[in-house]
Amino acid sequence: MALHLDPAQEDRVDTLLSAMTWQEKLAQLQIAYRPRQEDARELVRGGIGAVFWPRSAEAANDLQRVAVEETPHSIPILVALDVVHGHRTVFPVPLAQAASFDPAVPESDARTSAAEAASAGVRWTFAPMVDVCRDPRWGRVVEGFGEDTHLTSVLGAAKVRGYQGASLSDGGSVLACAKHYVGYGAAEGGRDYNTVDLSEQRLRNVYLEPFRAAVLAGAATVMASFNTIAGRPVHANRRLLTDVLKDEWGHRGCVVGDADGVANLVAHGVAEDLSDALVQAFSAGLDVEMGGNVVDPAGHTTVTPDRLSVERVDDAVRRVLRLKTALGLFDDPYVDPAAEITTPTQQGRAATRAAAERSVVLLKNDGTLPLADGVRRVLLVGPYAESTDHLGAWVQATGAPAGTLADALRAERPDVALTVLPGASFFGDDAGLQAAAARAAGEHDLVLVAVGEPSSLTGEASSRSDLRLPGDQEALVRAVAATGIPFAVVLMNGRPLVTADWIDLAPAVLEAWHLGTEAAPAIARVLTGAVNPAGRLPMSFPRSVGQVPVYYDHENTGRPPTTGGSLQAEEIDIGLQGPGNVDDRYTSKYRDLELGPQFAFGHGLSYTTFGYGAPSVSSSGLAVDALEAGACFKVSVRVTNTGRLAGDEVVQLYVRDPVATLAQPVRRLRGFRRVSLVEGESTIVTFTVGRDDLGYWTGNGSEFVVEPGRFELHVGPSADRTESVDIHVE
Ligand code: GLC
């Protein structure tokens, strides 16, 4: 959706602009939050362009009325809120949604969320977060779609479409905001707000692509990120905010700063003071400052025309006024309080439950799951047995609460005698709890161990240096394992965890993330087999935090290993055997770790099984010119449900360019398709492979090349389980 107004609308914007004073223009270029309504009214009376949602439709109308009736130009305000994965109806956290490998899931979240938020007077959300991240120590991985550029691009664009709908002027649409532009997920050490230093080619090929996809999908706004890149904070980075985002990509909407991101330029050490920071940020291409630091309600500002060009300010104000026009706010800024959606509708509940069921990943299963009909006595232990903490990070107080897994299991299988014990706590260390759980296990047919990460340990400012289950939850898994009673582990968490200390003990493990309002019934339906899980990991699960970053689309290196590490001191005589001894000893690995992640990107099992035929291609060779002109390869594969249950399979297509001017990843996801097959059913899945899939950004500005040579197309159920076919670019 391009932000193109009709001529009459453009004229109104021009007329407004020409009538505004310098201070009135600057006032439009900021957003702030005041918890007290009277203070918020004062901001609006002072001409501020946007405010955070005042927590009800009436209060939003009240502020709009002040804007329309008590300001010189009656310019309505933008009312904004972080509606990240739900407003009233809470959907699975975005990382869980990514595990569905289904664009319809984030789109349904965004559509439902937009309708609910818009009914309350919110017309701008700060989502989707499309930060690629390969480091689960970073708490904000929960807000994004994982480690892969293509998956993040496809799901982020779907979410933009969901929020913005067919037209921004529809009452149920809100402005999307692709954030955090750019590279925030590459913070050193996975430590939030930390330094980022990227090569141009990696910035382009990995981190910028999802934002380009969001802008192409029509994202009305983009949010600048807190980090530096190559020493220059993005909030004051002209090359990224203007040259790339606005000039190269043609973004016609607004760039909004993150909270106090402009003020942080002083701490970054690139601005003398707040005034200097403001001038640098707006000069670089920021359009709206988040913090309300530009001009105060009395019109006082340190940002003067001799320090910031009138043209730049006019451009920023025009962008803001265009958004307000596109939303229809000048025609009608008010909402009907009687129509505010204050609780989830049945449709909303059904949508979030479907999203939750599609996002669960079966990591391991020896057949213990689903609960067999003969299972009559189940012991449910762990801090998540009776917790309602399923909503996840970035949920407002408006979010409808989740139920407990215990209650959901009772409802799903009333025939089962369910005993519930705490077994462990998130932050405690009470061996007595584990002993009590172990004693009880012997009187049951199956133990379900419900453990994980409380949502308070995920999200912003929640980096962790230890990725194991917190508290004494691992001890609980080991205590249950020692009883010999069949058991399954259910994980509720917001990031990939290190499971190495117990994973081999567990017969079955279900990754259930933080799944939102309908989490408990969704998990119960997967555990009992009413739903056959088909989710796939959107991020690799490391074997150790020391292995991070570990991700599938890595370079091969000059010394790719074929076997894992060994701590045995091998007798190698460098003098005799010399460094030329490049058998597997001198290769890129850890001496104390097996190769690769615990679970690979794209991994996920099913209660049924699937078989793949050999991939075939429509043609084995195409010329570069033909590709540049839009020609594509087609690669097809037959997939069969070889088991006894209906189920979904996520067929994945990876590309590899084994020889190129720049070393290419050993795999790059370029296509995925989730297909539903009943027992014995087959289908042919076909992907098209074109220029955008075979080429790469060279890092020389906006240069994108497709180089001649052999390419491998890999098709399969996960990054580490594929069969390939070659194609040639002449
Ligand atoms: C926060 C987050 C950003 C959010 C903004 C407004 O600091 O970084 O994602 O949209 O502030 O709440």
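Atoms within a ligand are numbered from 1 in the order they appear, just like the ligands themselves.
- The existence of a salt bridge linking K25 and D314 is confirmed by a sub-4.0 Å separation between a basic side-chain nitrogen and an acidic carboxylate oxygen.
- Checked against a 6.0 Å centroid threshold, the rings of F601 and F541 do not count as neighbours.
- Residue D82 has at least one heavy-atom neighbour below 4.0 Å for each of these atoms of ligand 1: 4 (C), 6 (C), 10 (O), 12 (O).
- Contacts between Y33 and ligand 1 below 4.0 angstrom, taking non-hydrogen atoms only, are absent altogether.
- Every atom of ligand 1 is numbered from 1 in the order shown, and the set under 4.0 Å from a heavy atom of A259 is 7 (O), 11 (O).
- From the protein, the heavy atom lying nearest to atom 9 (O) of ligand 1 is H180 NE2, 2.6 Å.
- Ligand 1 has no N or O atom lying under 3.5 Å from any N or O atom of Y184, backbone or side chain.
- Those atoms of ligand 1 that come under 4.0 Å of a heavy atom in D258, given as number and element, are 1 (C), 2 (C), 3 (C), 4 (C), 5 (C), 7 (O), 8 (O), 11 (O).
- Residues R464 and E453 are paired through a salt bridge, judged by an N-O separation under 4.0 Å between the basic side chain and the carboxylate.
- By the 6.0 Å and 45° rule, R536 does not stack over the aromatic ring of F101.
- Ligand 1 has no N or O atom lying under 3.5 Å from any N or O atom of E143, backbone or side chain.
- For M223, every heavy-atom contact with ligand 1 shorter than 4.0 Å involves the side chain, none the backbone.
- You'll find the ring centres of W394 and H514 outside the 6.0 Å limit.
- Among R41, R65, R45, the one residue that satisfies the salt bridge (Lys or Arg N to Asp or Glu O under 4.0 Å) test with E70 is R45.
- Contact annotation for M129 and ligand 1: no heavy atom of the residue comes within less than 4.0 Å of the ligand.
- Within ligand 1, the atoms closer than 4.0 Å to a non-hydrogen atom of F126 are 10 (O), numbered from 1 in the order shown.
- Applying the 4.0 Å criterion to heavy atoms of K179 picks out, from ligand 1, the atoms 3 (C), 4 (C), 9 (O), 10 (O).
- Annotation for ligand 1: atoms under 4.0 Å from non-hydrogen atoms of F226 are 7 (O), 8 (O).
- Looking at E460 and R140, a side-chain N of the basic residue comes within less than 4.0 Å of a carboxylate O on the acidic one, giving a salt bridge.
- The aromatic ring centroids of Y184 and W138 lie less than 6.0 Å from each other.
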